[in-house]
Amino acid sequence: MVTADSDVRETAKNIAYGKIMNSGQACIAPDYALVDEKVKDQFCGEFAVQCRKIAGDPLTNSKYPRIISRRHFERLLGLMDGVTILSGGRSDPSALKIEPTVLVDVGLAFGGVGQSGMGAYHGIH
């Protein structure tokens with residue numbers, strides 16, 4: 001949760017690191033951030049900056065991990081259909097890489113959570 005009195009830069013840096021680690025394919029990776037409307041634009045911008053600092057250009061960075069399988073790669077791209085992409089969104093199908101992507105105004109029933117069974121808690125059954 002990012003509140004109006006948060007250190008937005010530090011919070012964005014920490015969330016970006018947690019998400020980018022293993023391309024977000026770790027059970028501890030944050031799937032979303034609840035951000036106070038007062039700092040939403042600042043946070044989203046800073047998150048994109050921090051992702052670039054950490055991963056560079058992930059599509060050409062040989063150390064940036066790929067998505068585990070073609071099926072999961074396609075599933076993740078499908079989650080981006082019809083939603084607002086604020087930053088990121090590029091992908092490389094041959095390398096199974098998707099750059100860190102910020103989606104906004106998706107709601108909790110978005111379904112972006114992993115296959116851990118947590119989806120049911122967010123309205124996905």
Side-chain angles (χ1 to χ4, degrees):
M1 213 174 224
V2 184
T3 60
D5 62 347
S6 296
D7 178 338
V8 174
R9 184 187 157 285
E10 188 67 21
T11 302
K13 181 174 110 176
N14 292 336
I15 292 173
Y17 178 79
K19 189 60 183 173
I20 289 174
M21 184 176 54
N22 199 31
S23 291
Q25 300 172 104
C27 61
I28 60 169
D31 287 316
Y32 56 86
L34 301 174
V35 182
D36 188 306
E37 191 69 34
K38 295 174 191 160
V39 294
K40 175 181 154 187
D41 292 339
Q42 181 186 1
F43 173 80
C44 289
E46 189 61 42
F47 182 81
V49 166
Q50 294 301 324
C51 287
R52 283 190 298 277
K53 282 184 177 179
I54 295 166
D57 179 356
L59 302 186
T60 60
N61 180 349
S62 63
K63 296 185 189 247
Y64 187 78
R66 67 184 198 95
I67 303 302
I68 192 73
S69 70
R70 169 109 10 231
R71 181 173 66 89
H72 286 293
F73 177 82
E74 296 295 335
R75 179 182 65 80
L76 292 169
L77 289 180
L79 291 172
M80 292 190 277
D81 289 342
V83 298
T84 302
I85 297 175
L86 185 67
S87 67
R90 295 181 310 138
S91 64
D92 180 350
S94 65
L96 297 180
K97 289 185 176 186
I98 303 172
E99 72 180 334
T101 304
V102 176
L103 308 175
V104 293
D105 303 324
V106 294
L108 285 178
F110 166 61
V113 295
Q115 303 256 324
S116 64
M118 293 295 288
Y121 294 102
H122 300 288
I124 309 301
H125 300 283

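In what follows, residues are counted from 1 in the order of the sequence shown. None of these values were measured; they are calculated from a predicted model.
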Q: Can you measure from CD (Glu74) to CD1 (Ile67) and round to the nearest 0.5 angstrom?
A: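 Answer for the CD-CD1 pair, Glu74 versus Ile67, is 11.0 Å.
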Q: Supply the atom-to-atom distance Ile15 CD1 to Met1 CE, rounded to the nearest 0.5 angstrom.
A: 11.5 Å
Q: Grab the two heavy atoms, one from Val35 and one from Lys40, that are nearest each other, plus how far apart they are.
A: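 What the structure gives for the nearest pair is CG1-CA, 3.6 Å.
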Q: Should Val49 and Val102 be regarded as members of a common hydrophobic cluster, given that ILVMFWY residues are connected when their side-chain heavy atoms come within less than 4.5 Å of each other, either directly or indirectly?
A: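 Unlinked, Val49 and Val102 end up in two clusters.
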Q: For Lys13, check side chain to side chain contact (heavy atoms under 4.5 Å, CB included) against everything at least two apart and list the hits.
A: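 Lys13 satisfies side chain to side chain contact (heavy atoms under 4.5 Å, CB included) with Glu10, Gln50 only.
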Q: Please give me the minimum heavy-atom distance between Phe73 and Pro93, naming the atom from each residue.
A: CZ-CA, 3.6 Å
Q: side-chain contact (heavy atoms from CB on, under 4.5 Å) for Val2 and Leu34? Distances and angles first, verdict last.
A: CA-CA 6 Å; Val2 184; Leu34 301 174; over 6 Å; no
Q: Spell out, yes or no, whether Val8 and Val104 are grouped together once hydrophobic residues are joined by side-chain heavy atoms under 4.5 Å, including indirect joins.
A: yes
Q: Closer than 3.5 angstrom, by distance alone: can the side chain of Asn61 be matched with the main-chain N or O of Ala55 as a donor-acceptor pair?
A: yes
Q: For Asp41, which residues count as a side chain to side chain contact (heavy atoms under 4.5 Å, CB included) partner, sequence neighbours excluded?
A: none
Q: Mind checking what makes side chain to side chain donor-acceptor pair (under 3.5 Å) contact with Asp92, not counting sequence neighbours?
A: Ser94
Q: Answer yes if Ile98 and Ile68 sit in the same cluster of Ile, Leu, Val, Met, Phe, Trp and Tyr residues linked by side chain heavy atoms under 4.5 Å apart, and no otherwise.
A: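 Not linked; separate clusters.
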Q: In chain order, what residues pass the side chain to side chain donor-acceptor pair (under 3.5 Å) check against Thr3, with sequence neighbours excluded?
A: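 So Thr3 forms a side chain to side chain donor-acceptor pair (under 3.5 Å) with Asp5, Ser6.
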Q: Under the side chain to side chain donor-acceptor pair (under 3.5 Å) rule, collect the residues that match up with Arg90, sequence neighbours excluded.
A: Asp57, Glu99
Q: Distance-only, no hydrogens or angles: does the Lys97 side chain make a donor-acceptor pair with backbone N or O of Tyr64 under 3.5 Å?
A: yes
Q: Calculate, to the nearest 0.5 Å, the distance between atoms CG and OG belonging to Leu76 and Ser91 respectively.
A: 10.5 Å
Q: Please give me the minimum heavy-atom distance between Pro100 and Cys51, naming the atom from each residue.
A: CB-SG, 3.6 Å
Q: Taking distance alone, no hydrogens or angles, what donor-acceptor pairs closer than 3.5 Å link side-chain atoms of residues 77-87 to residues at least two apart or in another chain?
A:
none

Q: Where is the tightest heavy-atom contact between Gly88 and Thr101, given as atom of each residue plus distance?
A: C-OG1, 3.9 Å
Q: Quick one: CD1 on Ile54 to NZ on Lys19, what's the gap to the nearest 0.5 Å?
A: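 It is 13.0 Å, given to the nearest 0.5 Å.
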